[in-house]
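To start, the structure under review is shown below, and the notes come after it.
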Amino acid sequence: MGATLAVRPKTQPKGWALTVGGVVIKPALLALTTRTWIDGEKIPATGGCVIVLNHLSHVDPLVSAHLVWDHGRLPRYLAKDGLFRHRVLGAMMRDAGQIPVHRGSGAMDAFDSAVAAVEAGECVVVYPEGTLTRQPDLWPMMGRSGAARIALRTGCPVVPIGQWGAQRLLPPYARKPRLLPRTHVTLKVGDPVDLSAHAGGQVTAARLSAATETIMDAITDLVAEIRGESPPAERFDPRREGLSEYGRPRPTGGRPGRGAGARTGGGHDGHADGRTDGRTDDDTDGESRDQGGTA
């Protein structure tokens, strides 16, 4: 089955914004990328869930949306509230059911909205790192607690996805994409993360931290499988390395580490991915393949 055909039919009404997005964005992705999709059938066909991915490039939401869309789900992202103030883009995002995140005290509103979306059966996509990874070799870094908090509140499955390749299409903080040659991107979907050891009782900071680490371990394992390499023994922490946690990496006066000044360029984060806990942090020949067949 060719890459222009969905793996699963969509059962939810798409609305005008997602219909337009599918008509415009999907053909562009097909033209610019080749894809390997592995185990996409592990994305739940129905019911509320949280999908978590590593964060390599500002094009990540489009790449992941393509995978989720073609597996029959309508992705709901956590996005910076500033995007909703744009006249056209804001109207599209509201119609598409995207979730605004207000950095600061308003982040709890985003958490409540994400919980409500999951409880209504939606597929909510979260980048737990909260921004593009600062790890010098682009391994997943320390995660934020938003995805774990949503999962522990709702009991929904957390489905990890490891991805690699999007950073070649649009390097971190670059202003312009690399259009040629076509970029190959690989996404591998894992089994739902087992958070049973952290569930039940009061949701404490320690429990959230442990659950977040379990989620990041699952994502990192998938990325390691795709890359065919072993990840660093210690997860990268930008605060420990003296780097800013959001926007273009810059020294903050903390302990300088290997990551200081690692990646430069223009741009800024366009989506607020991992923080919904009330604190201010932010080859196939043109075909997509699921394990066991083509999509």
Side-chain angles (χ1 to χ4, degrees), residues 1-35 37 40 43-51 53 55-102 110 113-114 116-118 120-127 159 161 163 165-166 169-170 174-180 182-183 185 187 189 267-273 286-288 290 295:
M1 186 162 51
T4 56
L5 299 178
V7 180
R8 291 184 191 140
K10 279 168 278 295
T11 58
Q12 295 173 274
K14 296 189 287 291
W16 68 267
L18 288 175
T19 299
V20 170
V23 170
V24 175
I25 296 174
K26 184 174 176 178
L29 287 171
L30 292 173
L32 295 174
T33 65
T34 59
R35 295 148 300 284
W37 292 343
I43 296 174
T46 59
C49 64
V50 172
I51 290 181
L53 304 93
H55 205 355
L56 299 167
S57 166
H58 286 133
V59 79
D60 287 348
L62 300 181
V63 172
S64 60
H66 189 186
L67 170 71
V68 174
W69 175 275
D70 273 16
H71 283 81
R73 300 306 301 266
L74 304 183
R76 312 300 189 189
Y77 287 89
L78 306 177
K80 282 185 178 179
D81 64 315
L83 298 177
F84 290 79
R85 292 193 288 269
H86 188 279
R87 182 176 178 181
V88 177
L89 181 59
M92 291 187 69
M93 295 186 72
R94 282 187 288 272
D95 184 78
Q98 307 311 309
I99 302 169
V101 174
H102 307 272
S113 297
V118 168
E122 300 286 0
C123 175
V124 175
V125 181
V126 177
Y127 292 89
V159 181
I161 299 179
Q163 61 141 343
L169 175 60
L170 183 66
R175 293 182 182 273
K176 296 181 180 180
R178 297 172 180 171
L179 302 181
L180 294 173
R182 293 171 76 191
T183 300
V185 294
L187 293 94
V189 185
H268 60 279
D269 286 347
H271 38 89
D273 312 295
E287 293 184 342
S288 308
D290 274 297

Item to check | Reported NE2-to-CG distance for the pair His66 and Leu187, which is rounded to 0.5 angstrom | outcome: 10.5 Å
Checklist outcome for this item: Heavy-atom closest pair (Ile99 atom, Phe84 atom, distance to 0.1 Å) is C-CZ, 3.9 Å
Item to check | Minimum heavy-atom distance between Arg175 and Leu170, given as atom pair plus value | outcome: C-CD1, 4.5 Å
Checklist entry - Side chain of Arg182, backbone of Thr33: donor and acceptor closer than 3.5 Å? => result yes
Checklist entry - Should Val126 and Leu78 count as side-chain neighbours, where that means a heavy-atom distance under 4.5 Å? => result yes
Checklist entry - Looking only at heavy atoms, what is the nearest atom pair of Ala114 and Val124, with distance? => result O-CG2, 4.1 Å
Item to check | Test item: Val63 and Arg35 side chains (from C-beta on) under 4.5 Å apart, heavy atoms | outcome: no
Checklist entry - Sub-3.5 Å donor-acceptor pair from the side chain of Glu122 to the main-chain atoms of Ala120, do we have one? => result no
Checklist entry - Do Leu169 and Val185 have side-chain heavy atoms sitting under 4.5 Å apart? => result no
Item to check | Minimum side-chain heavy-atom gap Arg94-Pro100 below 4.5 Å | outcome: no
Item to check | Atom of Asp95, atom of Gly15 and distance for their closest heavy-atom approach | outcome: OD2-C, 3.7 Å
Checklist entry - Looking only at heavy atoms, which two atoms of His55 and Gln163 are closest? And how far apart? => result CA-NE2, 4.5 Å
Next on the checklist: Are Ser64 and Leu67 packed together at the side-chain level, in the sense that at least one heavy-atom pair is separated by less than 4.5 angstrom?
Outcome noted: no
Checklist entry - Looking at Lys14 and Trp69, what are the two nearest heavy atoms and their distance? => result CD-CH2, 3.1 Å
Item to check | 4.5 Å side-chain heavy-atom contact, Met93 and Tyr77 | outcome: no
Checklist entry - Once you round to the nearest 0.5 Å, how far does CE of Met92 lie from NE2 of His86? => result 11.0 Å
Next on the checklist: Going by the rule side chain to side chain donor-acceptor pair (under 3.5 Å), which residues pair with Ser113 if we only count those two or more places apart in sequence or in a different chain?
Outcome noted: none
Item to check | Reference residue Val159; test side-chain contact (heavy atoms from CB on, under 4.5 Å); the match among Val125, Ile51, Val68, Leu53 | outcome: Ile51
Item to check | Side-chain heavy atoms of Thr183 within contact of Arg178, under 4.5 Å | outcome: no
